[in-house]
Undergrad: 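I have a structure here, written as structure tokens, and I will follow up with some questions on it.
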Amino acid sequence: MASIKDVAASAGVSVATVSRVLNGHPSVSADARERVLAAVASLGYRPNAVARSLRTDQTHTLGLVISDVLNPYFTELARSVEEEARALGYSVIIGNADERPELQDHHVRNLLDRRIDGLLVSPTDGGSPLMLDAIRAGTPMVFVDRWIPGVDVPVVRADGRAAVRDLVAHLYGLGHRRLAIIAGPAATTTGSERVEAFRAALAEYGLPLPDTRIGQGDFQAESGRRVTEGFLDLPEPPDVVFAADNLMALGALDAVRARGLRVPDDLALAAFDDIPWFVHTDPPVTAIAQPTGELGRAAVRALVDRIEGRTPRSVTLPARLVVRRSCGEPPTPSPVQRSTT
């Protein structure tokens with residue numbers, strides 16, 4: 001196996017120059033950099049990451065703690081984070097909190113013990129003391145999708161308020177007047193924000209949102225099923241159920257079908273967080289889509305900026321409404337077939 005001395009001899013430079021090239025130091029000339037990189041490639045040299053981290057006090061490793069790995073939204077987010085990190089020369093260690101604050105803190109503690117360079121977190125609650133201590137200690141951190149209010153950490157997220165307003169306008173235009181929501185946990189920013197956005201959008205049309213049409217879920221499918229069953233048992237069930245995430249929407253769909261009912265004939269359904277499965281359900285689900293890949297990439301760039309001494313910034317991207325057929329939308333007309341005879 002080639003050593004750093006072999007690379008230096010092949011490139012005709014010192015070992016120190018090779019080290020500077022591999023660590024991205026700007027003081028190396030373009031000619032020397034090209035010769036070193038060519039020697040690295042031809043010899044198949046692989047730097048010892050552990051030894052390099054001891055010399056530079058960096059591991060070139062990021063931690064990512066996501067709320068639920070079974071949620072396709074977070075799976076896609078993790079993939080985009082890993083891809084962008086790799087492109088910037090970092091590896092990623094992922095921890096799944098499973099929507100449990102104690103498991104989130106377990107992963108955060110383990111990642112800090114592994115001497116990661118920075119941490120991306122989608123918080124499962126409103127204020128983990130462990131994370132707050134890590135921030136005060138100077139650990140580079142970025143919140144993605146969710147955040148902890150009042151904490152001075154860059155946040156990369158989607159703003160769904162305009163898309164929720166578009167959804168309510170769409171539902172109103174279809175003739176729906178009794179709208180209900182399956183809310184996420186109130187302790188999460190996304191849980192509380194989506195309920196308030198829905199309530200505000202309904203108010204623009206003079207539509208009420210009584211407590212009986214707010215069901216408390218937990219961003220898990222079973223809660224979507226349970227809440228929808230409660231809605232169906234009301235003396236006056238809602239026309240539409242808006243699930244504040246995709247897994248709860250799938251649970252709602254199961255509840256409707258378990259009673260021998262149909263979407264949208266007996267109950268219309270819409271969801272926050274579009275997923276690929278929604279185009280394959282019968283009917284396809286109208287949903288609010290977040291720019292998940294862009295969020296993951298932007299979060300990594302913000303964290304690397306913080307790690308490498310640049311000033312990171314928060315990023316807010318718009319979500320958008322994707323209209324399908326689960327709310328009673330008219331079917332899309334098939335293209336007219338032209339005769340070839």
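Scope of the values below: all heavy atoms of this structure, side chains included, with no hydrogens, waters or symmetry mates.
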Undergrad: Supply the atom-to-atom distance Ile148 CD1 to Ile135 CD1, rounded to the nearest 0.5 angstrom.
TA: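 Rounded to the nearest 0.5 Å, the CD1-CD1 separation comes out at 6.0 Å.
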Undergrad: Ala201 and Val168: which non-hydrogen atoms are nearest, and at how many Å?
TA: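 Between these two residues, the closest heavy atoms are CB-CG2, 3.6 Å.
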Undergrad: How long is the straight-line distance from CD of Glu102 back to CG of Leu130, given to the nearest 0.5 Å?
TA: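 Atom-to-atom, Leu130:CG and Glu102:CD are 13.0 Å apart.
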Undergrad: Look at the side chain of Asp239 and the backbone N and O of Arg177, then say whether any donor-acceptor pair between them is shorter than 3.5 Å.
TA: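 Yes, Asp239 side chain to Arg177 backbone: donor-acceptor pair under 3.5 Å.
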Undergrad: Using a 3.5 Å distance criterion without hydrogens, assess whether the side chain of His170 forms a donor-acceptor pair with backbone atoms of Thr286.
TA: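 No; judged by distance alone, with no hydrogens or angles, the pair does not exist.
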Undergrad: Using modelled atom types and a 3.5 Å cut-off, is there a donor and acceptor pairing between side-chain atoms of Arg178 and backbone atoms of Pro238?
TA: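 No; zero donor-acceptor contacts below 3.5 Å.
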Undergrad: Could you give the distance from CZ (Phe74) to OG1 (Thr292), rounded to the nearest 0.5 Å?
TA: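 Between Phe74 CZ and Thr292 OG1, I get 9.5 Å after rounding to 0.5 Å.
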Undergrad: Less than 4.0 angstrom from a charged side-chain N to a carboxylate O is my criterion; do Arg225 and Glu229 meet it?
TA: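 Result for this pair is no, no salt bridge flagged.
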Undergrad: Side chain to side chain contact (heavy atoms under 4.5 Å, CB included), that's the test. Do Val13 and Arg33 meet it? Break it down for me.
TA: CA-CA 10 Å; Val13 299; Arg33 186 180 305 278; over 6 Å; no
Undergrad: Looking at side-chain heavy atoms only, is the closest gap between Cys327 and Pro264 below 4.5 Å?
TA: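 No, their side chains stay 4.5 Å or more apart.
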Undergrad: Hey, any chance Val323 and Val279 share a hydrophobic cluster, counting ILVMFWY side chains that come within less than 4.5 Å of each other, even indirectly?
TA: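 Different clusters.
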Undergrad: Do Leu303 and Pro312 have side chains that get closer than 4.5 Å, going by heavy atoms?
TA: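 Of all side-chain heavy-atom pairs linking Pro312 with Leu303, none is under 4.5 Å.
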Undergrad: With the side chain counted from C-beta on, respond yes when Asn246 and Trp277 share a heavy-atom pair under 4.5 Å apart, and no when they do not.
TA: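 They are not in side-chain contact.
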Undergrad: Should Ile275 and Phe278 count as side-chain neighbours, where that means a heavy-atom distance under 4.5 Å?
TA: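 Ile275 reaches Phe278 side chain to side chain.
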Undergrad: Give a yes or no on whether Val322 and Leu167 share a hydrophobic cluster (residues Ile, Leu, Val, Met, Phe, Trp, Tyr; joining criterion: side-chain heavy atoms under 4.5 Å apart).
TA: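 They do not share one cluster, since no chain of ILVMFWY contacts under 4.5 Å joins Val322 to Leu167.
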Undergrad: Nearest 0.5 angstrom please: Asp68 CG to Glu99 CD, how far?
TA: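 Between Asp68 CG and Glu99 CD, I get 5.5 Å after rounding to 0.5 Å.
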Undergrad: Can you tell if the side chain of Thr281 reaches within under 4.5 Å of the side chain of Arg325, non-hydrogen atoms only?
TA: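 Side-chain contact under 4.5 Å: no.
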Undergrad: Less than 4.0 Å between a side-chain N and a carboxylate O, is that true for Asp282 and Arg257?
TA: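 Between Asp282 and Arg257 there is no salt bridge, as every charged N stays at least 4.0 Å from the carboxylate O atoms.
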Undergrad: Is the closest side-chain heavy-atom distance between Phe242 and Leu179 below 4.5 Å?
TA: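 Phe242 vs Leu179: side chains apart.
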Undergrad: Give a yes or no on whether Leu317 and Ile66 share a hydrophobic cluster (residues Ile, Leu, Val, Met, Phe, Trp, Tyr; joining criterion: side-chain heavy atoms under 4.5 Å apart).
TA: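 Yes, it is one cluster - the side chains of Leu317 and Ile66 are joined through contacts under 4.5 Å.
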Undergrad: What's the verdict on side chain to side chain contact (heavy atoms under 4.5 Å, CB included) for Val81 and Leu62, showing C-alpha distance, side-chain angles and the deciding distance?
TA: CA-CA 10 Å; Val81 164; Leu62 309 179; 5.7 Å; no
Undergrad: Taking 4.0 angstrom as the limit, do Glu196 and Arg199 come out as a salt bridge?
TA: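 Result for this pair is yes, salt bridge flagged.
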Undergrad: With side chains defined as the heavy atoms from C-beta onward, is the minimum distance between Leu103 and His106 less than 4.5 Å?
TA: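 In contact.
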Undergrad: What's the shortest heavy-atom distance between Gln104 and Val121, and which atoms?
TA: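 For Gln104 and Val121, the tightest heavy-atom pair comes out as OE1-CG1, 4.4 Å.
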Undergrad: Can you check salt bridge (charged side-chain N to carboxylate O under 4.0 Å, His left out) on Arg86 and Glu82, steps first, answer last?
TA: CA-CA 6 Å; Arg86 186 172 65 248; Glu82 195 278 331; 2.5 Å; yes
Undergrad: In terms of hydrophobic clusters joined by side-chain contacts under 4.5 Å, are Tyr73 and Val144 together?
TA: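 Yes: a chain of side-chain contacts under 4.5 Å links Tyr73 to Val144.
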Undergrad: For Asp218 and Ser223, test the side chains for any donor-to-acceptor distance below 3.5 angstrom and give the result as yes or no.
TA: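 Yes.
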Undergrad: Over all heavy atoms of both residues, which pair between Gly184 and Ala244 is shortest? Give the atoms and the distance, please.
TA: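 Where Gly184 meets Ala244 most closely, the heavy atoms are N-CB, 4.1 Å.
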Undergrad: Where the side chain of His107 meets the backbone of Ile94, is there a donor-acceptor pair that is under 3.5 Å apart?
TA: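 Looks like no, no N/O pair under 3.5 Å.
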Undergrad: Can you see which heavy atom on Pro123 is nearest to which on Thr188, and at what distance?
TA: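 What the structure gives for the nearest pair is O-CG2, 4.4 Å.
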Undergrad: Give a yes or no on whether the backbone of Thr59 and the side-chain of Asp117 come within a donor-acceptor separation of less than 3.5 Å.
TA: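 The answer is yes, because a donor-acceptor pair under 3.5 Å joins these two groups.
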Undergrad: Donor-acceptor pair, distance only, cut-off 3.5 Å: does the side chain of Ser10 make one with the backbone of Val7?
TA: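 The answer is no, because no donor-acceptor pair under 3.5 Å joins these two groups.
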Undergrad: A quick test of your reading: do over 12 heavy atoms of other residues, nucleotides or ligands sit less than 6.0 Å from CZ of Arg310?
TA: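 Yes, enclosed.
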Undergrad: Mind listing the closest non-hydrogen atom pair of Val142 and Val153 along with its distance?
TA: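 The pair with the smallest heavy-atom distance is CA-CG1, 3.8 Å.
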Undergrad: Within a radius of less than 6.0 Å around CZ of Arg259, do more than 12 heavy atoms belonging to other residues, nucleotides or ligands occur?
TA: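 Yes - once you tally the heavy atoms of other residues, nucleotides and ligands closer than 6.0 Å, there are more than 12.
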Undergrad: Would you say the side chain of Tyr90 lies within less than 4.5 Å of the side chain of Val300, judging by non-hydrogen atoms?
TA: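 No, their side chains stay 4.5 Å or more apart.
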Undergrad: Other than Ile182, which residues form its hydrophobic cluster under the rule that side-chain heavy atoms must be closer than 4.5 Å?
TA: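 For the cluster that includes Ile182, the remaining residues are Phe219, Val227, Phe231, Leu232, Leu234, Val241, Met248, Leu253, Val256, Leu261, Val263, Leu267, Leu269.
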Undergrad: Okay, side chain of Asp166, backbone of Leu321: is any donor-acceptor separation there less than 3.5 Å?
TA: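 Not at all, since once roles are kept as given, no pair shorter than 3.5 Å links the two residues.
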Undergrad: Donor-acceptor pair, Thr61 side chain versus Val92 backbone, under 3.5 Å?
TA: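 No; judged by distance alone, with no hydrogens or angles, the pair does not exist.
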Undergrad: Could you tell me whether the side chain of Ser122 and the main chain of Asp145 form a donor-acceptor pair under 3.5 Å?
TA: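 No.
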Undergrad: With the threshold set at 4.0 Å, does a side-chain nitrogen-carboxylate oxygen contact exist between Glu83 and Arg79?
TA: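 Yes, Glu83 and Arg79 are salt-bridged.
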Undergrad: Using a 6.0 Å cut-off, check whether atom CZ of Arg324 has over 12 heavy atoms from anything other than its own residue.
TA: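 For Arg324, atom CZ is crowded (more than 12 foreign heavy atoms under 6.0 Å).
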Undergrad: Identify whether the distance between the nearest side-chain nitrogen and carboxylate oxygen of Arg35 and Asp31 falls below 4.0 Å.
TA: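 Salt bridge present between Arg35 and Asp31.
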Undergrad: Are Leu250 and Phe272 co-members of a hydrophobic cluster defined by side-chain heavy atoms under 4.5 Å apart?
TA: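 No, because Phe272 and Leu250 fall into different hydrophobic clusters, even though each may have its own neighbours under 4.5 Å.
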Undergrad: If only atom types and distance count, is the side chain of Thr75 paired as donor or acceptor with the main-chain N or O of Asn71 below 3.5 Å?
TA: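 Yes, because the side chain of Thr75 sits within donor-acceptor range (under 3.5 Å) of the backbone of Asn71.
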Undergrad: Measure the spacing between CG of Leu174 and NE2 of His176 and express it to the nearest 0.5 Å.
TA: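 One finds 5.0 Å between CG of Leu174 and NE2 of His176.
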Undergrad: For the residue pair Ser67 and Arg146, confirm or rule out a side-chain donor-acceptor distance under 3.5 Å.
TA: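 Looking only at side-chain atoms, Arg146 and Ser67 do form a donor-acceptor pair, the distance falling under 3.5 Å.
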Undergrad: Quick check: closest heavy atoms across Ser326 and Val285, and the distance to 0.1 Å?
TA: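 That closest heavy-atom pairing would be OG-CA, 3.4 Å.
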Undergrad: Once you round to the nearest 0.5 Å, how far does CE of Met131 lie from CG of Leu119?
TA: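 Going from CE on Met131 over to CG on Leu119, the span is 8.0 Å.
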